[in-house]
Amino acid sequence: MPTKNSSSISSTGGGVKLACHNLWKVYGPSPEQFFPGRQGGVPEAGPCARDIRAADHIPAVANVSFDVRQGEIFVVMGLSGSGKSTLIRCLSRLIDPTAGGVYLDGDNLLDLDERRLIEVRRHKIGMVFQNFGLLPHLTVLENVAFPLKVQGVTEARRHKRAMEVIELVGLGGRENAFPAELSGGQQQRVGIARSLAVEPELWLLDEPFSALDPLIRRQMQDEFVRLQKLLNKTIVFITHDFLEALKIADRIAIMRDGEIVQIGAPAEIVLKPADQYVAEFTEDVPLTRVIKAADLMESPCADLVPCDGTHPDTTLEDLLPRFAHHETAVAVTDGLGAVVGQVTARSVIRALAENATQRHR
Amino acid sequence: MAAVEIAGYKGRTFIAADAVRWGAVFGFAALCFIAGDKHPWLAAYPDSWVVPVADWVNHGMDWFVERFRDGFKMLSALLGMPMHLLQRLLQWLPWPAVLGVFAIVSHRAGGWRLAAFTTGALLYTLLVGYWSEAMNTLALVGVSVPLSVALGFGLGLMGFRWPRFERPLQGMLDLMQTVPAFAYLIPILLLFGFGPVVGLVASIIYAAPPMVKNTMLGLRSVPEELVESGLMSGCSKRQLFWNVEFPAALRQIMVGVNQTTMAALSMVIIAAIIGGFNDIGWEVLMTMRKAQFGQSLLSGLVIVLLAMILDRISWGLAFQDSGPSSRSRRRRYGYPAAALAAVLLSLGIVALIPEIRTAPETWITSPADLLNDWVNFVLREYAAVIEGIKNAVLFYGMMPFRIGLSQSITPFTWGIEMSAEVVAVYLALVGAAAVWCYRRFGWRGIVPVAIFGAVLFYGTTGIPWPAFMAVIALLAFEAGGLSVMALALASMAFILITGLWNEAMLSVYLSGLAVLICCVVGGALGIWAAHSDRVSSILRPINDALQTMPQFALLIPVLMFFQVGELTALIAILIYAIVPAIRYTEHGLRTVPSHVVEAARQVGCTRRQMLWEVKLPLAMPVIMLGLNQTIMYALAMLVIAALVGTRDLGQAIYIALGKADAGMGFVAGLSVALVAIVADRIIQAWSRKRRAALGLAAS
Ligand SMILES: Nc1ncnc2c1ncn2[C@@H]1O[C@H](COP(=O)(O)OP(=O)(O)OP(=O)(O)O)[C@@H](O)[C@H]1O
Ligand SMILES: [Mg+2]
């Protein structure tokens, strides 16, 4: 089982875009009392959070550390009140953390003065809100162009750019409507377009689809995946819907009472939960959506038919129908079509059975 | 099991504690009554003990005026300038131009219906011959409203930005809204001298509080996410305010503008009492004083119409301005262009036919004399009936409350002697009521019966002041704890030592009686309206009209039939103060959670039971807020009613105003404010407690 520390620092892929070290946000009459030297020597999370609660303060974010790589989708999950919103607001400094550090491209955001913070927000960070946060007195076009307007971009240029993103999110033709005239899904598209208008490098989304109907929500998730393929942003995404997380996440962090209890790839979280809380959290997740071909791959045997191979990232959900057609083994091929292994029906069934009994123990 | 027992045990000790408190207070009160004969200082606070606060204030005021008079003279000139300019302009413009502009603005705010209403109202003003007076009033309002709005907005913004500033601001607002308008006319009068500027300054100050409140409310209720999305869009503080917070709060702020306009208008009219300069308020006042009721009714109607126009226009603008439709070109350019065209056109017409500039004398048909004749006819024909009503209300209703049954039952009034038998019958009745209340509400039911019984027997003015203070203090304590009690005691002490106890009791009597009637009648109407949409839709416009009407104008019709006196004051207060009683009762009953009503129906409540056992108890916190408003309205009107002859604090202020006695005005004005604030705090505290107990959300 991976420990918290080893997986909190990413091991593969591009450079670190956003890092967050021992971040604390404590609510109460005098939160500073717990942190004599602001960034130095922050105490161990567990006992300290308990002390803070005992002193009638709320540690909404408690000793949170993680890195997000360039182009990665980092999903934060947790029950209501676990501190997700507070955390993401600390990342953009909408809320000033009580202690710790937030590093964007290596620079500590907490050291920035008012003016430079505004600069960072104008050019580097885009944010999407659960309840959209659209300005009711502006049209769709004006809403999307708003971040450019406050930067002083001329009207012609900002409207041109706004139209581009409006087209991108599929709202072309509605640009002169007011937010109140749009459906929830359309409003959130506006919110997304607005956050993209300035071409941010870091994209923060706080439960962007939670206020939508299930059907629209699924549609928006697909839309989101499509956009990210196109844009390749660095993303911190908050949700309390595990299936949503599975669909989009590169890595998932699970929060409880302000602390992060586990960070890992989706399959890792489901198959190797760090504790009972995480296990319960992922209990209802169908294993077929988590386990991928790569997890079950064996070395290929000789009589394997390589043509109709599958990608290592294919989930069992998509793989299972193949076995219905009398195939005993499916080839796993890499991007170039070279066979790297095989998955047999027997190994699939074994994996499902093993994990199922494990989970219900 | 154990928990239940503990709860029961706790309950018992609690009951015992406050029962003992009430017992002690009643005992103390009884002692005061008994000892009152031997120690007259108990019955009436001796004059020799009065602390001359009023004189001190006068000295201070003299010193202040002496020192700063020149500064204020200058300020007065500065403020007077735009007003005179506007006044000149409105008088110079031919009436069709003014009418045209108003009609066009009305169309912008409320479509053809409002435009038609405005045109009709202004034509009425023209035809009954009050055009120039109305223009003078408009000039005053036209200058005072923008200044008041600016002042209120600035203060509200400060309250929003600096939370530390908010508490003192809130306290100031409470005072400004409860100190009667007449009272702060006096220092303004002393500083600015006689003249229209007094009215201007007074209305700027008087009308600012609603603007402050609505600005703060609006800015504070901008959704957090909107602010955050503004910040994440990269707004600076200033950009955030003007692009996000202000537009989002605009609607609430416009509600403030509407309320400020109405307050300014009503103050401008009140201020006519001192600053009379041929405006419409002065006209009403003059004709009222000369008992020319026909004229005062006609000019009073002009005020009412002006109020309605301004109200509808500012309301319409408030609720249209944001949203898709406000963007069209026609709105942006069409309306100003049309207004300009109207002005130019009428100037052109006037150049051709100069007689039109002022409406020709021959057009003016004042039906005032006709009205006077009719009123006189009614008064003559039905003299006996009116006299009968007056005496009945006076003898059986008002006098017992003021001086008590013990003194008001005489052969001359009731036709019987105040004998031992009568006392016995009265005691028996009170006793029966006490038993009934005890059966129904437990021992707490006896408390109001006892208080009411004593007040009715001895009269509001016949209660020894220590007894009164003790009862109110305990009431305050039970409702809101020590802090409210301390406030109540301090307030009553202030009134007592400044020598205004008797006047204050007369105020309590008159407003208390009015509030009582309002509660019964208004409550009944509210219950009816809550159960019948028809009744509700009939009452609503009446309530709206009564609310927009400047208090002043309400006096006129009552005065016409009942002449000067306490009864007229009572009726005027009733008409004005009943509105919140109706509204809040209806609102409270209609917003009882529907699942509770369904559950009650399910277990088989009859309609009666539903009302008394379910809806009323649940609606009570809201109804109490209505009671609170009713008290505030009653006190506000009480002071205005001094014009028609009362003998209470309002009259003291009115007299002080006449003598420019700032000290007396201050003391009496503050006393009224203290009565209002104490009543407010007690009721609010009680309502909050009930809400918490019922688990209803605070609002
Ligand atoms: N301004 C505040 N003052 C005091 N406590 C706060 C404040 N804001 C948040 N909290 C507390 O911090 C904790 C975390 O809140 P947060 O809004 O971050 O939760 P969340 O995970 O986003 O929940 P949800 O899923 O409901 O949005 C909660 O216990 C909340 O009560
Ligand atoms: Mg949240």
Side-chain angles (χ1 to χ4, degrees), chain A residues 85 88-89 91-95 114-140 142-153 158 176-182 190-191 194-195 197-198 200 202-208 211, chain B residues 108-109 153 160-164 166-167 214-215 217-257 316-332:
Chain A
S85 295
I88 205 169
R89 278 164 178 72
L91 298 184
S92 58
R93 257 191 73 183
L94 283 172
I95 295 175
E114 178 79 20
R115 207 172 46 80
R116 281 170 55 208
L117 183 62
I118 288 178
E119 280 309 303
V120 168
R121 284 178 182 157
R122 282 183 178 176
H123 299 292
K124 292 197 167 172
I125 309 180
M127 185 157 172
V128 181
F129 298 87
Q130 178 172 359
N131 296 312
F132 322 137
L134 302 180
L135 301 174
H137 61 289
L138 300 183
T139 62
V140 169
E142 289 164 330
N143 260 298
V144 174
F146 184 68
L148 298 167
K149 182 184 169 193
V150 297
Q151 290 180 20
V153 176
R158 66 173 189 257
N176 288 321
F178 282 87
E181 299 165 346
L182 301 179
V190 179
R194 178 179 61 186
S195 68
V198 296
L202 176 63
W203 202 14
L204 306 175
L205 301 101
D206 184 10
E207 302 202 25
Chain B
R108 165 83 169 75
F153 182 74
F160 169 67
R161 271 285 146 77
W162 297 305
R164 209 177 303 157
E166 195 199 329
R167 266 186 81 91
N214 281 293
T215 304
L217 178 66
L219 289 174
R220 197 155 297 143
S221 44
V222 173
E224 182 68 23
E225 256 192 5
L226 217 55
V227 173
E228 288 182 339
S229 73
L231 282 174
M232 287 313 293
S233 296
C235 285
S236 65
K237 270 229 165 72
R238 176 184 298 247
Q239 284 173 324
L240 185 71
F241 182 75
W242 289 111
N243 288 308
V244 179
E245 290 173 318
F246 179 73
L250 187 59
R251 194 161 272 210
Q252 194 66 46
I253 292 175
M254 284 304 285
V255 171
V257 172
L317 292 180
F319 280 85
Q320 269 191 351
D321 233 355
S322 57
S325 60
S326 69
R327 293 303 185 88
S328 72
R329 266 176 186 282
R330 195 174 73 154
R331 272 171 194 276
R332 216 172 257 183

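Please read all numbers here as calculations on a predicted model, not as lab measurements. Proteins come first, then strands; the chains are lettered A, B, ... in the order of their sequence lines, and each starts at number 1.
Contact check on A/Arg89 versus B/Glu224 returns no salt bridge, with no Lys/Arg side-chain nitrogen under 4.0 Å from an Asp/Glu carboxylate oxygen.
With a 4.5 Å cut-off on non-hydrogen atoms, A/Leu94 touches chain B through its side chain but not through its backbone. With a 4.5 Å cut-off on non-hydrogen atoms, A/Leu117 does not touch chain B at all. Using a 4.5 Å cut-off between heavy atoms, B/Gln239 touches chain A through its side chain atoms alone.
Between the side chain of A/Arg122 and the backbone N or O of B/Gly234 there is at least one donor-acceptor pair closer than 3.5 Å. Proximity of a side-chain donor or acceptor of A/Asp206 to a complementary backbone N or O of A/Gln130 within less than 3.5 Å is not detected.
Aromatic ring pairs are classed by plane angle as parallel below 30°, tilted from 30° to 60° and perpendicular above 60°; the pair B/Phe153 and B/Phe246 is perpendicular.
Chain B forms more heavy-atom pairs under 4.5 Å with one residue of A/His123, A/Gln151, A/Arg194 than with any other, namely A/Arg194.
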